[in-house]
Amino acid sequence: IFGDNSSGELVNNITGVSLGAITGSAVAQEVEVAFSGGLDQYFVVNDARGHGSGRYTTIHSSDMTRSGGSEIIGSGNIALKVTGGIADIVKRAGQDNSDIIVGSQLSGDYAPLNAPVTLLERERGTTPNIVGAYGVLPHLRVTVPAFPVAGFYTGELTFTLYDCSETSC
């Protein structure tokens, strides 16, 4: 959790997502998985303050590294999207807030996660005094390179909350 109840927080219990077993190939393969919809799979931001200064969250990925080896699948091969844009945002608690939006890079198209991209945001000056928790269930795609070394690969998604000041954001 980043932040506290006075400024907002990220509420995520995501412990992992499995791509399943993948058979190696002479060509790159795209493997896609949707987060399941269970309560522990939402990427959620809790706006407990409702201040008009705005907020946004970013997400990015580390490289995926093979357990016991040095082989990697680079973070540029890991991508995320939210298929329905604003229609995919689910109010988990509190008041409705139509000013919570999905970042434009992730709305409908896959965006690589080798650099932070905006996942959820509320612009500065919008909907003051509205509080709630809002979340999305994104889709993840990993492009497995040709001739991968067999093994168990792991990586880390980092989801960060930024609270905008009155003069920036």
Novice: So do Val45 and Leu161 actually touch side chain to side chain, heavy atoms under 4.5 Å?
Specialist: yes
Novice: Between Asn77 (side chain only) and Val142 (backbone N and O only), is there a donor and an acceptor less than 3.5 Å apart?
Specialist: no
Novice: Can you name the closest pair of heavy atoms from Ala133 and Val44 and give their distance?
Specialist: CB-CG1, 4.1 Å
Novice: Any sub-3.5 Å donor-acceptor pair from Glu121's side-chain atoms to Ile101's backbone N or O?
Specialist: no
Novice: With a 4.5 Å heavy-atom cut-off, do Thr118 and Leu106 have their side chains touching?
Specialist: no
Novice: Can you tell if the side chain of Ile22 reaches within under 4.5 Å of the side chain of Val31, non-hydrogen atoms only?
Specialist: yes
Novice: Would you give the length of the straight line joining atom CG of Asp109 to atom CG of Leu80, rounded to the nearest 0.5 angstrom?
Specialist: 12.0 Å
Novice: Heavy atoms only: give me the nearest Gly76-Pro112 pair and the separation to one decimal.
Specialist: O-CB, 3.9 Å
Novice: Rounded to the nearest 0.5 Å, how far does OG of Ser98 lie from CD1 of Ile130?
Specialist: 7.5 Å
Novice: Identify each donor-acceptor pair in which a side-chain atom of residues 143-157 lies under 3.5 Å from a protein atom, sequence neighbours left out, and give them as a table.
Specialist:
{"residue": "Tyr153", "atom": "OH", "partner": "Val149", "partner atom": "O", "Å": "2.7"}

Novice: Hey, does Val82 have a side-chain heavy atom less than 4.5 Å from the side chain of Pro138?
Specialist: yes
Novice: Roughly how far apart are Ser75 OG and Met64 CE, rounded to 0.5 Å?
Specialist: 11.0 Å
Novice: So if you build clusters from Ile, Leu, Val, Met, Phe, Trp, Tyr with side-chain heavy-atom gaps below 4.5 Å, do Ile78 and Tyr110 land together?
Specialist: no
Novice: Taking side-chain contact (heavy atoms from CB on, under 4.5 Å) as the test, write out the residues that go with Ser25, two or more places apart.
Specialist: Val27, Gln29
Novice: Please give me the minimum heavy-atom distance between Val117 and Ala111, naming the atom from each residue.
Specialist: CG1-CB, 4.5 Å
Novice: Are Ile59 and Thr158 packed together at the side-chain level, in the sense that at least one heavy-atom pair is separated by less than 4.5 angstrom?
Specialist: no
Novice: Donor-acceptor pair, Asn97 side chain versus Asp99 backbone, under 3.5 Å?
Specialist: yes
Novice: Is any side-chain heavy atom of Glu71 less than 4.5 Å from a side-chain heavy atom of Thr65?
Specialist: no
Novice: Side-chain contact, heavy-atom cut-off 4.5 Å: Leu119 with Phe43?
Specialist: yes
Novice: State, yes or no, whether a side-chain contact exists between His60 and Phe159 at a heavy-atom distance under 4.5 Å.
Specialist: no
Novice: Rounded to the nearest 0.5 Å, what separation is found between the CG atom of Leu120 and the CZ atom of Arg122?
Specialist: 12.0 Å
